[in-house]
Amino acid sequence: MDNIYSAILEAQHNGQPAALCTVIKSSGSVPRHSTSKMLVFADGRFIGTVGGGGMEQRTIEEAQAVARSGQSKIVEYNLVDPKQGDPGVCGGTVEIFIEPINPPPSVIIIGAGHVGKATAHLAKWLGFRVVVMDDRVEFVTPEWIPNADVYLPGTVIDLFSQANLNSQSYIVAVTRGYNIDVGILPTLLDYDVAYIGVIGSKRRWTQALKELREKGVAEDKLSRVHAPIGLELNAETPEEIAVSIMAEIVMIRNGGTGQSMSMNNAGTA
């Protein structure tokens, strides 16, 4: 059991989605009884057991789906007649509660220049787990960006698998050129993440869109991209741009509108 709880803490630290399966009710002859636990990662790895055999395999598959969706569920198995589709012949019944172990929200910054540095600082201050990646290895260091949790230097498109991208990931692409965006977005858009924002002027994004369409990227995928990134603040400095970016991310995460809350703009009753 201690291994499971240690693994949960490690998964949280690494930003890995997982699901905890707990036997909450059993009757008759069953392989494992109440409070038995198994931790399942989204990729199918698991620690612990809820009974083995066909029942456990079905539970692992259910848990993988829960890890990806973030929605808990209860599954019930009859262990009586495999000919009727039951996953066993022990003779009892088992109920298993599967709860998501949601990773902390992460801001993944692609591009570690001045804006990336400022955004990393602000995102960390706001409580996000911060991952920084860039092909310029000299910028992906604690000396340049002291606030990140994870540093991933190298070819960006090859680093996505190491970033543990998931439904709690907020992608901030603040790269040095639209050609980089065009190169990474077709792959990035295949990931189920909470947010993808791309820096640049409207003209830069229009050109990027043209080339992405030529590559065959579907319109429904392109519509997921927030570009130009951030809320309109007339921001100029890297720090102001970081505020614009993180304001949009917080707005989306919390279901806000981005509108002014001043009652002076509400008119008279």
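Under a 3.5 Å cut-off, the side chain of R224 and the backbone N or O of I196 do not form any donor-acceptor pair. In this structure, the side chain of R129 engages the main chain of N14 through a donor-acceptor pair within 3.5 Å. Counting only distance, with no hydrogens or angles, the side chain of T93 and the backbone of Y77 share no donor-acceptor pair below 3.5 Å. The backbone N or O of E76 sits nowhere less than 3.5 Å from a side-chain atom of E95 that would complete a donor-acceptor pair. The main-chain N or O of I145 is found under 3.5 Å from a side-chain atom of Y151 such that the two form a donor-acceptor pair. No donor-acceptor distance shorter than 3.5 angstrom exists from the side chain of D135 to the backbone of T155, with no hydrogens or angles considered. At least one donor-acceptor pair under 3.5 Å links the side chain of D134 to the backbone N or O of A112. A donor-acceptor pair under 3.5 Å links the side-chain atoms of E232 to the main chain of N234, judged by distance alone. Under the 3.5 Å distance criterion, the side-chain polar atoms of N254 are left unmatched by any main-chain donor or acceptor of G256.
Taking 4.5 Å as the limit, every side-chain heavy atom of K117 sits out of range of all side-chain heavy atoms of I109. Looking only at side-chain heavy atoms (C-beta outward), D181 and R204 come within less than 4.5 Å of each other. The shortest side-chain heavy-atom distance between Q207 and R203 does not fall under the 4.5 Å cut-off.
A single hydrophobic cluster is seen to contain both V66 and V40, as judged by linkage of ILVMFWY side chains at heavy-atom distances under 4.5 Å, directly or through other members. Each of Y191 and Y170 belongs to its own hydrophobic cluster when Ile, Leu, Val, Met, Phe, Trp and Tyr are linked at side-chain heavy-atom distances under 4.5 angstrom. Cluster annotation: L189 and I199 are assigned to distinct hydrophobic clusters (Ile/Leu/Val/Met/Phe/Trp/Tyr, side-chain heavy-atom contacts under 4.5 Å, transitive). Cluster annotation: I108 and V250 are assigned to distinct hydrophobic clusters (Ile/Leu/Val/Met/Phe/Trp/Tyr, side-chain heavy-atom contacts under 4.5 Å, transitive). A chain of hydrophobic side-chain contacts below 4.5 Å, direct or via other Ile, Leu, Val, Met, Phe, Trp or Tyr residues, connects V115 to V130.
Applying the salt bridge (charged side-chain N to carboxylate O under 4.0 Å, His left out) rule to pairs touching residues 9-18 yields nothing, sequence neighbours excluded. Residues in residues 159-168 take part in these side-chain hydrogen bond (donor to acceptor under 3.5 Å, both in side chains) pairs, two or more places apart or across chains: Q168-R253.
V172 approaches I229 most closely through the heavy-atom pair CG1-CD1, 3.9 Å. Residue L185 comes nearest to L212 through the heavy atom pair CD1-CD1, 3.8 Å, listed as atom of the first residue, atom of the second, then distance. Contact detail for W144 and E138: the closest heavy-atom pair is CB-O, 4.5 Å. Residues G70 and N102 come closest through the heavy atom pair CA-OD1, 3.7 Å. The two atoms that bring A148 and V132 nearest to each other are CB-CG2, 3.7 Å, heavy atoms only. Residues L20 and I4 share a closest heavy-atom pair of CD1-CG2, 3.9 Å.
A salt bridge links E214 to K210: one of the charged nitrogens lies within less than 4.0 Å of a carboxylate oxygen.
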